[in-house]
Amino acid sequence: MFEKATRSRDKYFTVLTRDNQDEVPRLGLAISKKHCRKATARNRIKRVIRESFRQHQVQLAGLDIVVINQPAATLADRGAMNDSLEHHWQRCREAKRKKKNQES
RNA sequence: GGAGUUGGCCAGACAAUCGCUGCAGUUCGCUGUAGAGGAAAGUCCGGGCUCCUUCGGACAGGGCGCCAGGUAACGCCUGGGGGGCGCGAGCCUACGGAAAGUGCCACAGAAAACAAACCGCCGGCGCAGGUCGGUAAGGGUGAAAAGGUGCGGUAAGAGCGCACCGCGCGACUGGCAACAGUUCGCGGCACGGUAAACCCCGCCCGGAGCAAGACCAAAUAGGGGAGUGAGCGAGCCUUGGUGUUCGCACCGCCGGUCCCGAGCGGACUCCCGGGUAGGUUGCUUGAGGCAGUCGGUGACGGCUGUCCCAGAUGAAUGGUUGUCGUAAGACAGAACCCGGCUUAUUGCCAGCUCCGGCU
RNA sequence: GCCGGAUUAGCUCAGUCGGUAGAGCACAUCAUUCGUAAUGAUGGGGUCAGGUGUUCGAAUCACCUAUCCGGCA
């Protein structure tokens with residue numbers, strides 16, 4: 001997963017994407033204790049990511065996605081994180097489309 | 001109104017909708033229901049629970065330390081006593097022992113505790129420098145210098161004597177006690193500080209921790225249970241074999257100890273499993289909550305009724321909208337479970353104290 | 001979840017049976033040199049991580065707190 005993925009990165013998150021054989025999208029979270037020390041803050045980040053993923057899961061069908069947090073995400077508010085994630089989802093879809101075109 | 005102090009409460013609520021985790025039901029579409037904290041935190045103490053033979057003792061090691069009570073237990077809590085701080089409400093208090101012993105007390109100072117005498121004061125001797133003796137009132141040093149004040153006394157002085165205060169011991173009174181009282185007597189005073197220095201005294205503590213432990217079970221290594229018997233020496237019985245009694249041993253196992261005791265095991269035969277990855281379980285009904293009542297100053301306890309209130313395992317509580325509300329927050333996320341302590345933190349209420357103003 | 005250790009000058013470390021906090025490197029000034037380096041001399045710089053207590057006196061002893069590092073798998 002970590003070797004074959006397409007990366008998308010900003011100051012809040014690193015997002016890895018890869019095709020899967022299924023129609024259902026799958027989400028993995030890697031929220032490190034090193035970048036975010038407090039348990040409540042880690043839970044908050046995970047909730048925001050899950051909610052955003054749930055709302056966009058139709059567009060992300062057929063992808064495996066792993067989200068890794070960056071130090072800046074600890075202090076970010078909900079709006080900033082949502083904007084960042086939406087941008088990442090967009091890039092994931094583009095990466096998938098590009099790959100499909102290459103194959104065909 | 002301001003400043004302070006003590007105690008207590010809350011941790012947004014309600015509704016709609018889209019989602020998450022457990023449980024129950026299901027016509028497998030879904031439906032119903034429950035779902036983080038006062039600190040869940042730090043891991044500083046005490047227990048429950050599980051395993052280690054954990055049963056006793058010795059020695060280590062650690063903890064606690066005014067008294068009484070509460071408690072499963074505690075280093076916690078309640079009530080009381082002593083000491084200290086504050087004008088006060090109130091707060092703080094590791095608060096046993098320094099005449100069992102050892103150590104330390106820098107610098108300064110004559111001297112830092114067995115004692116002793118630098119300046120001084122007084123007396124003898126000497127023309128004098130001085131020397132011999134008495135003294136600890138005064139000076140100076142220091143954080144600390146061997147009771148304080150006054151009077152008497154003396155060569156000068158000194159608890160040397162007396163009065164008051166202080167101190168120690170004993171009796172008496174009050175109190176369960178710590179302790180207090182000062183009514184009394186005795187002692188002229190002998191006893192510096194430090195035990196969060198070693199130590200002594202009293203009391204307490206076996207170790208590890210749910211990543212404990214148990215079960216299912218690919219792989220791999222060889223082990224586990226049951227039954228029977230037994231080393232050496234001596235005595236007794238017996239034709240012999242055998243049996244029985246006593247003594248002496250060796251090795252391993254107390255996760256701290258080259259320790260002691262108790263206990264278990266050692267050889268042979270028979271039987272079968274063993275347990276790493278992974279999974280299941282332990283896993284939530286408990287020193288439980290709530291209400292009433294009784295006892296107690298209180299911590300708390302008794303009785304009655306009633307309720308079931310998170311159990312995840314890449315680890316669940318959130319998003320949007322509306323109403324109330326000035327506003328929606330602060331610290332912060334259960335991981336075996338309880339009782340405390342400590343730390344972080346939002347808003348509010350009540351009692352009490354001091355100060356200022358008005359009446 | 002459980003258990004250890006560390007924190008001292010700008011940096012790396014001494015000092016842990018209490019008594020005015022030191023060393024090396026670095027920094028500044030001076031000397032040396034035609035000048036620089038090297039060398040020598042002098043000097044500055046510390047809330048001993050923070051707080052409370054014990055003590056006459058605390059970097060040192062005790063307790064609490066903060067930050068960092070490590071072990072158990």
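Letters A, B, ... are given to chains in the order of the sequence lines, protein chains preceding strands, and every chain is numbered from 1. The figures that follow rest on heavy atoms only: side chains count, while hydrogens, waters and symmetry mates do not.
- A:Asn43 places no side-chain N or O within donor-acceptor distance of the main-chain N or O of A:Lys46, the cut-off being under 3.5 Å.
- Rounded to the nearest Å, the gap between the C1' atom of B:rG174 and that of B:rC91 is 30 Å.
- Using N1 to N3 plus N6-O4 or O6-N4 for Watson-Crick, or N1-O2 and O6-N3 for G-U wobble, each under 3.5 Å, B:rA3 pairs with B:rU353.
- For the C1' atom pair drawn from B:rC250 and B:rU280, the interatomic distance equals 47 Å after rounding to whole Å.
- Remark: the separation of the C1' atoms in B:rG48 and B:rC283 is 15 Å, to the nearest Å.
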Open item on the list: For a quick check, with a 4.0 angstrom heavy-atom cut-off, what is the B/S/- contact string for nucleotides 313-321 of chain B, read 5' to 3'?
Closed with: -BSSSBS--

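- With a cut-off of 3.5 Å on both pairing distances, the Watson-Crick or G-U wobble partner of B:rG170 is B:rC184.
- Rounded to the nearest Å, the gap between the C1' atom of B:rG311 and that of B:rA208 is 26 Å.
- Between A:Thr40 and B:rG333, a side-chain N or O to OP1/OP2 separation shorter than 4.0 Å is present.
- Straight-line distance between the P atoms of B:rA116 and B:rG147: roughly 16 Å, to the nearest whole Å.
- Only the P atoms considered, B:rG150 is 49 Å distant from B:rG202, to the nearest whole Å.
- When both distances must be under 3.5 Å, the Watson-Crick or G-U wobble mate of B:rA226 is B:rU269.
- Because its glycosidic torsion is more than 90° from 0, B:rA99 is reported here as anti.
- The partner of B:rC91 is B:rG84, by the rule that a Watson-Crick or G-U pair needs both atom distances under 3.5 Å.
- Annotated as anti: B:rG347, whose glycosidic dihedral deviates from 0 by more than 90°.
- For the C1' atoms, the distance linking B:rA36 with B:rU26 amounts to 31 Å, nearest Å.
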Task: Pair A:His88-A:Asp10, side-chain contact (heavy atoms from CB on, under 4.5 Å): steps then yes or no - done: CA-CA 9 Å; A:His88 283 303; A:Asp10 66 3; 3.3 Å; yes

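- For B:rA316, the base adopts the anti conformation, since its glycosidic angle falls more than 90 degrees from zero.
- Checking B:rG75 for Watson-Crick or G-U wobble geometry (two distances, each under 3.5 Å) identifies no partner in any strand.
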Open item on the list: The test is side-chain contact (heavy atoms from CB on, under 4.5 Å); show your working for A:Arg18 and A:Thr6 and say whether it passes.
Closed with: CA-CA 6 Å; A:Arg18 204 186 65 170; A:Thr6 311; over 6 Å; no

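- We find that CZ of A:Arg42 is positioned 14 Å from C1' of B:rA335, with the value rounded to whole Å.
- Under the Watson-Crick or G-U wobble criterion, with both distances below 3.5 Å, B:rG32 is paired with B:rC23.
- Looking at heavy atoms from C-beta onward, A:Val66 lies out of side-chain contact with A:Val15 at the 4.5 angstrom threshold.
- The aromatic rings of A:Trp89 and A:Phe53 stand perpendicular to each other, their planes meeting at an angle above 60°, with 30° marking the opposite boundary.
- Put simply, the side chain of A:Lys96 reaches to within 4.5 Å of the side chain of A:Asp19, judged on heavy atoms.
- Where pairing requires Watson-Crick or G-U contacts shorter than 3.5 Å, the helical stems of RNA chain C with at least three consecutive pairs are C:1-7 with C:66-72, C:10-13 with C:22-25, C:27-31 with C:39-43, C:49-53 with C:61-65.
- Side-chain N or O atoms of A:Arg44 include one that pairs as donor or acceptor with a backbone N or O of A:Thr74 at under 3.5 Å.
- If you check B:rG150 for Watson-Crick or wobble pairing at under 3.5 angstrom, you find it paired to B:rC162.
- Glycosidic conformation of B:rC309 is syn; the angle stays within 90° of 0.
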Task: Chi angles and distances behind the side-chain contact (heavy atoms from CB on, under 4.5 Å) call for A:Leu16, A:Ile65 - done: CA-CA 6 Å; A:Leu16 310 178; A:Ile65 296 170; over 6 Å; no

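- Base orientation for B:rG29: syn, the chi torsion being within 90° of 0.
- Nucleotide B:rA98 has no partner under the Watson-Crick or G-U criteria, as no pair reaches both atom distances under 3.5 Å.
- The closest side-chain donor-acceptor pair between A:Gln55 and A:Glu51 falls under 3.5 angstrom.
- Tested against A:Leu60, the residues A:Leu63, A:Asp64, A:Val58 include a single side chain to side chain contact (heavy atoms under 4.5 Å, CB included) partner, A:Leu63.
- Summarising the geometry, the separation between CZ on A:Phe53 and P on B:rC20 is reported as 12 Å, rounded to the nearest angstrom.
- To the nearest whole angstrom, the two C1' atoms, one in B:rC215 and one in B:rG207, are 26 Å apart.
- For the salt bridge (charged side-chain N to carboxylate O under 4.0 Å, His left out) condition, no pair includes a residue of residues 70-93 of chain A, sequence neighbours left out.
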